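Every chain is numbered from 1 and lettered A, B, ... according to where its sequence line falls, protein lines coming before strand lines. Bear in mind that the values here come from a model prediction, so they are computed numbers and not experimental data.
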Amino acid sequence: LFTHNVLIHAYCKMGMLERAQSLLREVEVDVVSYNTVIWGFAERELGDLAVGFLSDMIKRGVGFDFVTVNTVIMGLCKKELVQKAELLVDMLCKGGVTLDVVGYNTLIYGYCKIGAISDGVAMLERMKREGIQPDLISYNTLISCFCKNGEMDMAKGLIDELTSKKMELDVVTYTNFIGELCRKRKIGEAFSWYDEMVRSGIVPDVVSISSLIYGLCKHGKFYEAYELFRKLEDMGISPD
RNA sequence: CAUUUUUGGA
């Protein structure tokens with residue numbers, strides 16, 4: 001079983017979904033086998049075709065779990081079908097199935113992806129109501145969306161909310177701001193966010209530094225960009 | 001470092 005799942009996973013990673021599916025039919029499987037194939041569909045932007053696996057699983061006596069539901073939701077969200085995902089969730093809800101924090105985060109991502117931030121924020125409120133505590137990813141997802149929209153004040157508002165909840169920001173939180181400021185060629189501000197990040201003890205990674213390099217290049221500061229690139233190695237980060 | 005889900009750059 002374990003071996004077959006490894007194989008299914010490999011097929012899915014290579015996009016050989018029909019192979020993965022035939023294995024699924026032919027061998028003994030469990031919930032992980034199905035989750036893996038559903039994930040494979042989601043990765044290839046075929047998430048809408050994966051919804052049916054839920055009923056297949058039930059027919060076959062394989063119970064689905066949070067990961068299954070979350071992965072199906074992700075597949076739909078990637079295709080900008082978050083509304084469809086919500087309908088599915090509502091249906092499951094009537095059957096007594098609830099979402100976990102990842103599921104809610106995925107829906108938030110789905111709304112952000114179609115540019116419906118207010119629905120994303122509403123989802124954040126809804127999860128609180130349902131007793132699921134939002135985590136840093138919930139907030140980072142919304143912050144990313146606000147930043148890309150140029151609504152930095154809204155994004156900062158969420159930072160305040162995080163702070164008031166005594167939740168720690170991470171490198172992703174900061175990189176959302178750094179990245180957006182770099183896109184807008186506001187290099188100075190980008191570096192001040194970077195400095196604040198380092199001051200609070202967060203170690204920069206390849207994405208945060210690459211954002212800054214991008215920003216410097218966009219600003220025509222090629223020499224400084226190159227200098228920063230050299231510093232990557234000193235910081236023990238390998239360029240990707 | 002042997003299997004599955006959510007957030008940041010290009």
Gap in Å between the two P atoms, one belonging to U5(B) and one to C1(B), rounded:
14 Å
Applying a 4.0 Å non-hydrogen cut-off, can you work out what [X] is touching in the nucleic acid: base, sugar-phosphate, or nothing?
X: K148(A); answer: sugar-phosphate
X: D205(A); answer: base
X: Y214(A); answer: sugar-phosphate
X: S144(A); answer: sugar-phosphate

Considering only heavy atoms of chain A and a distance under 4.0 Å, specify the first and last nucleotide of RNA chain B in 5' to 3' order that meet this criterion.
A2(B) to A10(B)
Side-chain donor-acceptor pairs under 3.5 Å in residues 230-240 of chain A, sequence neighbours left out?
none

With [X] via side-chain hydrogen bond (donor to acceptor under 3.5 Å, both in side chains) - residues at least two apart:
X: S33(A); answer: N5(A), D30(A)
X: T141(A); answer: none
X: R126(A); answer: E86(A)

Contact list for residues 123-168 of chain A, test ring pair (Phe, Tyr, Trp, His ring centres under 6.0 Å), sequence neighbours left out
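Every pair satisfying ring pair (Phe, Tyr, Trp, His ring centres under 6.0 Å) with a residue in residues 123-168 of chain A: there are none.
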So which pairs with a foot in residues 175-207 of chain A pass ring pair (Phe, Tyr, Trp, His ring centres under 6.0 Å), sequence neighbours left out?
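Residue pairs passing ring pair (Phe, Tyr, Trp, His ring centres under 6.0 Å), neighbours aside: F177(A)-W193(A).
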Heavy atom of residues 218-240 of chain A under 4.0 Å from RNA chain B: which residues?
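Close to the strand are D240(A).
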What residues 149-176 of chain A contributes to the RNA chain B interface at heavy-atom separation below 4.0 Å is V171(A), V172(A), T175(A), N176(A)
N140(A) and its side chain to side chain donor-acceptor pair (under 3.5 Å) partner, picked from D135(A), N105(A), D170(A), N176(A)
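When side chain to side chain donor-acceptor pair (under 3.5 Å) is applied between N140(A) and each of D135(A), N105(A), D170(A), N176(A), only D170(A) qualifies.
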Could you list the residues that satisfy salt bridge (charged side-chain N to carboxylate O under 4.0 Å, His left out) with [X], not counting sequence neighbours?
X: K221(A); result: none
X: K78(A); result: E43(A)
X: D65(A); result: none

salt_bridge(K128(A), E125(A)) N-O dist < 4.0 Å
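A salt bridge links K128(A) with E125(A).
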